[in-house]
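A quick write-up on the structure given underneath.
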Amino acid sequence: MTRPLPFADALSVLRAAAEETRLRILALLGEGELSVSDLTDILGQSQPRISRHLKLMVEAGLVERHREGAWAFFRLVEGASALVEPLLAGMDRTHPPLSEDRARLEAVRAQRAEAAQSFFARLAPQWDTVRSLHVPEATVEAAVLDVLGPGPIGSLIDLGTGTGRMLGLLAPRATRATGLDANHAMLSVARANLERHGLSRVDLRQGDIHAPPFGRGSFDLVLIHQVLHYLDDPARALREAARLVAPGGRLLVVDFAAHDLEFLREAQAHRRLGFAAEQVAGWLTEAALSDVQVRELPPGSDAGHRLTVTLWLAHNRTAAAEPAREVA
């Protein structure tokens, strides 16, 4: 939702936007987040010059910056200005220079997608091994949609988003969607996958699931999909996830039931061999969530299926919470 600006702030915003390169950058960021390297490739300008323009727009509150390791990504501040959004919406993107910028943007995205898929191709054989041990992904995704119900999702965060598959499933129903992952290369895969599905406005962040950089009650739905079994301290991760759930919101965990497939520790880096239904339910209750619902998807009839997938859905029944704030 846009907010009206005092005169001095409006003047600052207009001064920040009223320059050819900066206006072109704003138009590009309207298509989704980009790095400085992306913008230098698209606009054909030096990195110091692009960085100066971005710094000015960050200071004016039009653009926000976040880091992924050595990389920095920029995006429009959501609803930051009642002046700039109509301006961007009213610009004709079919004529130069915006049409040329958009063509180069598509080329940059194609290169990014190719690099991401090359990385993912190296991991795919390992993941295929695990997928062969449980019911098909489509069955799991159908169960996720069923337990969440048909209504709107509101704000969503996928903790440990990986390739962004769950964001691709749920982001179209969310008012705001965020993915968090510790691995920059994996975020590159997620970014390419989401762009391919027309979801370039999803906010992808690099960060630790044990210390997510968001304020209490920031999201209506928090999702942890096939992540807990990689963690040394899953209970702590669930406490942090529960902190993010807004009053009336939900936390959905999808992971394996307890099993005895020891080879997954070494071959797939699984730290935990699944979880008993009551164990995760207990952690969720200890994290001040309630009404925990459990659904199990047992192995299919295929002889290779040996893992049960479990879904835990918990609710935050708190009537009020601290105002949401983001940690810098």
Cation-pi check, Arg191 onto Phe73 ring (under 6.0 Å, within 45° of axis):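 The answer is yes, since Arg191 meets both limits relative to Phe73.
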Nearest heavy atoms of [X] and [Y], plus distance in Å:
{"X": "Gln206", "Y": "Ala182", "result": "NE2-O, 3.0 Å"}
{"X": "Leu297", "Y": "Thr139", "result": "CD1-O, 4.2 Å"}
{"X": "Pro299", "Y": "Val135", "result": "C-CG1, 4.3 Å"}
{"X": "Leu98", "Y": "Ala27", "result": "CD2-CB, 4.0 Å"}
{"X": "Ile224", "Y": "Ala241", "result": "CD1-CB, 3.7 Å"}
{"X": "Leu289", "Y": "Ala242", "result": "CD1-CB, 3.8 Å"}

Would you call [X] and [Y] a side-chain contact if the rule is heavy atoms closer than 4.5 Å?
{"X": "Leu145", "Y": "Leu170", "value": "yes"}
{"X": "Asp38", "Y": "Leu28", "value": "no"}
{"X": "Phe74", "Y": "Ile25", "value": "no"}
{"X": "Phe256", "Y": "Thr308", "value": "no"}
{"X": "Trp283", "Y": "Arg239", "value": "no"}

Arg295/Asp146 salt bridge by N-O under 4.0 Å criterion: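 Result for this pair is yes, salt bridge flagged.
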Option among Asp203, Leu204, Asn193 that satisfies the side chain to side chain contact (heavy atoms under 4.5 Å, CB included) test with Leu167: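 Considering Asp203, Leu204, Asn193, a side chain to side chain contact (heavy atoms under 4.5 Å, CB included) with Leu167 is found only for Leu204.
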Shared hydrophobic cluster, [X] / [Y] (ILVMFWY, side-chain heavy atoms < 4.5 Å):
{"X": "Val58", "Y": "Leu56", "result": "no"}
{"X": "Leu228", "Y": "Leu273", "result": "no"}
{"X": "Leu88", "Y": "Val63", "result": "yes"}
{"X": "Val36", "Y": "Leu29", "result": "yes"}

Donor on one side chain, acceptor on other, Glu33 and His66, under 3.5 Å: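 Distance-only check passes for Glu33 and His66.
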Aromatic ring pairing His229/His270, orientation class (parallel under 30°, perpendicular over 60°, tilted between):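 Ring orientation, 0 to 90° scale: tilted.
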Arg236/Glu240 under salt bridge (Lys or Arg N to Asp or Glu O under 4.0 Å): CA gap, chis, key distance, verdict: CA-CA 6 Å; Arg236 177 186 168 196; Glu240 286 297 317; 5.5 Å; no
